[in-house]
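Below, chain A is the first sequence line, B the second, and so on; all start at residue 1. Everything numeric in this text was worked out from a predicted model, so none of it was measured.
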Amino acid sequence: MEHKLNIYNTLSRKKELFVPIHEKNVGMYVCGPTVYGDAHLGHARPAITFDLLFRYLKHLGYKVRYVRNITDVGHLENDADSGEDKIAKKARLEQLEPMEVVQYYLNRYQKTMEELNVLPPSIEPHASGHIIEQIEFVKKIKDAGFAYESKGSVYFDVEKYNKEHNYGKLSGRNIDDLLETTRELDGQEEKRKSFDFALWKKASSEHIMKWPSPWSEGFPGWHLECSAMGTKYLGEEFDIHGGGMDLVFPHHECEIAQSTAALGKETVKYWMHNNMITINGQKMGKSLGNFITLDEFFEGTHSSLEKAYSPMTIRFFVLQAQYRSTVDFSNEALQASEKGLQRLLEGYERLQKLTASASSTVDVKGLRERCEKAMQDDLNSPIAISHLFDAVTSINTISAGSATINEEDLLELKEVFSLFIEDILGLQAELETQNSTNDAYKSAIDLLLQIRQDAKTNKDWATSDKIRNELAALGFEIKDGKDNVEWNLK
RNA sequence: GGUUCCUUGGCCGAGUGGCUAGGCACCGGUCUGCAAAACCGUCUACGGCGGUUCGAAUCCGCCAGGAACCUCCA
């Protein structure tokens with residue numbers, strides 16, 4: 001596979017050339033959502049970032065198995081009185097079966113992802129469907145001597161692990177600091193050290209979601225699902241593990257410890273983390289209560305929103321920043337993205353209508369290469385987009401008649417645009433329903449515009465302006481070109 | 001308190017030693033019957049103070065401000 005894709009590896013803290021373990025296949029695991037609420041803007045970041053990677057790897061010719069889990073069990077809540085998990089708590093509040101809550105929010109999540117044009121992963125495994133695998137994983141860690149049982153629960157022995165391996169290698173922490181900074185948690189007294197983490201928790205009698213195990217009737221620990229499902233579907237060694245930066249510690253650090261303890265080797269080659277989306281400079285998050293759900297963006301129904309923003313605007317907004325930078329939400333920034341996206345997509349549309357000339361006065365050569373280079377530099381989508389904008393200017397110039405393009409260049413430009421805008425960046429014009437009603441409606445508008453054109457020819461400005469203004473009032477945008485008219489419904 | 005990171009023009013956002021992206025907004029011009037759209041142009045920044053260097057937004061130090069993680073979190 002001939003390419004120079006470099007990705008930033010959190011493990012080494014530098015960009016590394018991507019060399020897959022197997023020549024033609026890539027295994028990629030990304031931490032998915034905990035389905036106990038609607039997805040917010042923050043959830044769009046990893047989904048879009050790793051969708052971009054998924055698409056780009058496929059473009060490079062790899063066969064990619066992309067696993068994104070659904071967390072539907074096992075995440076303890078710190079403020080819950082008895083270590084109740086989030087799904088169970090939500091279920092009790094809404095008088096629903098836990099699985100009903102999961103299904104409800106999962107359906108909504110998947111619909112939202114589809115709207116954002118995020119490709120479905122190859123496998124979306126549920127934590128609750130892999131309890132057996134998780135129990136087996138605990139057994140392996142225990143057999144290797146890195147876990148101990150205490151009152152029906154099983155904990156990971158961090159101190160022992162750290163003697164043979166490096167606990168903290170991903171997050172840059174050291175075990176002594178952790179001793180001083182780890183907070184009080186439920187069941188602390190059962191653990192040997194405060195930084196030990198649960199692999200299996202014994203459930204209290206009122207706990208709803210629990211399963212039998214050799215140690216107790218209980219539920220798997222915080223970090224186990226990803227280790228168990230990742231290795232089940234991608235093997236004991238796989239290429240890429242992604243997620244939000246807020247998962248580096250403890251989640252991913254613990255995953256590394258678990259997998260290394262159980263399997264005796266490094267499981268993941270490249271760790272990738274997207275940065276946070278902020279609102280007023282602070283992380284948008286569930287616990288802070290400062291989140292805006294994606295549906296609220298699409299509908300414009302949140303009080304912080306001046307208007308609705310389409311899924312493609314959100315996608316473009318996310319892609320206009322490199323994934324390792326924070327992105328601050330603001331209406332101003334979103335509106336800038338909205339207009340920028342419009343410019344890009346209109347350029348793409350105009351490109352389809354261009355006619356070739358004998359020679360080119362625009363420079364098309366190198367565009368593909370520049371875009372590829374940007375993507376290969378740790379998925380620098382903002383740079384790739386900036387190159388496409390440069391090309392849009394050329395397209396508009398040709399469209400206005402003050403530049404020309406030859407057959408060969410036109411073909412190349414069309415190919416590059418289709419490849420980057422649609423296949424790689426996953427941007428697409430808002431879906432137009434293709435049916436006879438739609439065709440008839442379009443013809444009717446064209447007819448009106450033809451009448452307006454005739455009026456203009458006769459210098460009947462009253463009639464031509466009336467048509468333009470009335471259409472504008474209905475939400476149509478009319479753009480006069482040199483010898484054609486474009487229109488769209490806003 | 002510990003660890004890590006950030007600070008770019010009106011706004012967003014790239015850029016890791018010289019060639020100073022891109023988008024949005026603003027202003028001026030071209031085009032247009034007038035607009036809109038499009039095109040051209042203007043404005044041209046790197047938190048502060050030192051240092052390294054022929055040369056720093058880019059490297060080093062200090063200071064200021066902010067963030068993430070240390071608890072579930074994308």
Side-chain angles (χ1 to χ4, degrees), chain A residues 13 30-34 36 39-50 71 74-80 85-86 168 171-174 176-178 180-186 195 222 242-251 253 273-278 281-288 291 316-317 320-322 324-341 343-344 346-347 350 374 377 380-390 392-393 395-397 399-403 456 459-461 464-465 468-469 472 477-482 485-486:
Chain A
R13 285 158 208 282
V30 174
C31 289
T34 305
Y36 66 103
H40 60 70
L41 183 58
H43 293 105
R45 191 94 193 264
I48 292 169
T49 297
F50 293 104
T71 298
H75 281 214
L76 289 173
E77 250 178 332
N78 63 308
D79 56 354
D85 84 39
K86 289 190 170 181
S171 59
R173 265 154 238 269
N174 71 65
D176 297 326
D177 291 341
L178 286 171
E180 291 165 19
T181 58
T182 306
R183 287 205 209 170
E184 285 299 310
L185 277 173
D186 177 56
F195 47 55
W222 300 260
M245 269 186 190
D246 51 351
L247 298 179
V248 172
F249 191 91
H251 186 55
E253 196 70 71
H273 294 95
N274 62 275
N275 213 322
M276 301 291 102
I277 287 187
T278 60
Q282 268 207 320
K283 172 180 162 182
M284 184 179 282
K286 269 247 148 59
S287 43
L288 289 163
F291 61 91
F316 191 62
F317 174 67
Q320 266 190 305
Q322 208 270 350
R324 284 190 296 114
S325 317
T326 56
V327 171
D328 197 49
F329 151 81
S330 71
N331 280 281
E332 216 179 353
L334 278 171
Q335 280 162 34
S337 287
E338 185 176 50
K339 299 193 87 166
L341 175 64
R343 177 177 164 81
L344 187 63
E346 281 177 6
R350 283 195 187 112
D377 183 18
N380 201 330
S381 48
I383 290 289
I385 289 168
S386 79
H387 294 317
L388 294 173
F389 271 120
D390 287 340
V392 165
T393 300
I395 290 167
N396 287 337
T397 309
S399 177
S402 39
K456 282 175 77 173
K459 297 197 192 299
D460 177 4
W461 310 127
S464 69
D465 286 358
R468 184 221 285 162
N469 296 340
E477 193 180 21
I478 311 299
K479 296 172 193 168
D480 290 326
K482 209 159 183 75
V485 184
E486 291 178 10

d([atom1], [X]; [atom2], [N]) in whole Å:
| X | N | atom1 | atom2 | value |
| --- | --- | --- | --- | --- |
| A:R173 | B:A68 | CZ | P | 14 Å |
| A:F195 | B:C70 | CZ | P | 17 Å |
| A:N380 | B:G15 | CG | P | 5 Å |
| A:I383 | B:A14 | CD1 | C1' | 4 Å |
| A:N275 | B:A14 | CG | C1' | 15 Å |
| A:R324 | B:G13 | CZ | P | 15 Å |
| A:I385 | B:G23 | CD1 | P | 12 Å |
| A:H387 | B:G13 | NE2 | C1' | 14 Å |

Hey, could you give me the [atom1]/[atom2] distance between [X] and [Y], rounded to the nearest 0.5 Å?
| X | Y | atom1 | atom2 | result |
| --- | --- | --- | --- | --- |
| A:F317 | A:I48 | CZ | CD1 | 10.5 Å |
| A:I395 | A:L344 | CD1 | CG | 8.5 Å |
| A:M276 | A:D328 | CE | CG | 13.5 Å |

| task | For residues A:S337 and A:Q320, report the shortest heavy-atom separation together with the two atoms involved. | result | OG-OE1, 2.9 Å
| note | Between A:T278 and A:K283 the two heavy atoms that sit nearest each other are CG2-N, 4.0 Å
Between [N] and [M], how far apart are the two [atom1] atoms, rounded to whole Å?
| N | M | atom1 | answer |
| --- | --- | --- | --- |
| B:A74 | B:U16 | P | 31 Å |
| B:A57 | B:G9 | P | 14 Å |
| B:G48 | B:G41 | C1' | 35 Å |
| B:U42 | B:G22 | P | 12 Å |
| B:C40 | B:C24 | P | 12 Å |
| B:C27 | B:C63 | C1' | 39 Å |
| B:G33 | B:U20 | C1' | 43 Å |
| B:G47 | B:A67 | C1' | 15 Å |

Going by salt bridge (Lys or Arg N to Asp or Glu O under 4.0 Å), name the residues that satisfy it together with [X], two or more places apart in sequence or in a different chain.
| X | value |
| --- | --- |
| A:R350 | A:E486 |
| A:E346 | A:K479 |
| A:R343 | none |
| A:K286 | none |

| remark: By side-chain contact (heavy atoms from CB on, under 4.5 Å), A:S171 pairs with (sequence neighbours left out) A:R173, A:V248, A:F249, A:E253
Of the listed nucleotides ([options]), which one gets closest to any side-chain atom of [X]?
| X | options | result |
| --- | --- | --- |
| A:M284 | B:G22, B:U4, B:A74 | B:A74 |
| A:N274 | B:G23, B:A74, B:U4 | B:A74 |
| A:A321 | B:U3, B:A67, B:G13 | B:G13 |
| A:Q282 | B:G2, B:A14, B:A67 | B:A67 |
| A:P382 | B:A74, B:C72, B:A14 | B:A14 |

| query | With the sugar-phosphate defined as primed atoms, P, OP1 and OP2, and the base as all remaining atoms, what B/S/- string results for nucleotides 33-43 of chain B, 5' to 3', for protein heavy atoms under 4.0 Å? | reply | BBBBBSSS---
Considering Watson-Crick and G-U wobble pairs with both distances under 3.5 Å, what does [N] pair with?
| N | value |
| --- | --- |
| B:C59 | B:G51 |
| B:A14 | none |
| B:A25 | none |
| B:G65 | B:C6 |

Regarding [X], tell me which of base, sugar-phosphate or nothing describes its non-hydrogen contacts under 4.0 Å with the strands shown.
| X | result |
| --- | --- |
| A:H40 | base |
| A:I277 | base |
| A:G243 | sugar-phosphate |
| A:N174 | nothing |
| A:M276 | base |

| remark: Sorted by chain and number, sequence neighbours left out, ring-ring contact (aromatic ring centres under 6.0 Å, His included) with A:H43 holds for A:H40
| note | Residues passing the ring-ring contact (aromatic ring centres under 6.0 Å, His included) test with A:F329, sequence neighbours excluded, are A:F297
| message | Just N and O in the side chain of A:T34: are any of them under 4.0 Å from OP1 or OP2 of B:C72? | response | no
Polar pairs (N or O, both sides) under 3.5 Å between protein and nucleotides 7-12 of chain B?
unit_1 : atom_1 : unit_2 : atom_2 : d
B:C11  : O2'    : A:E332 : OE1    : 3.4

| query | Start at the 5' end of RNA chain B and walk down; is the nucleotide closest to A:S325 or to A:G340 reached first? | reply | A:S325
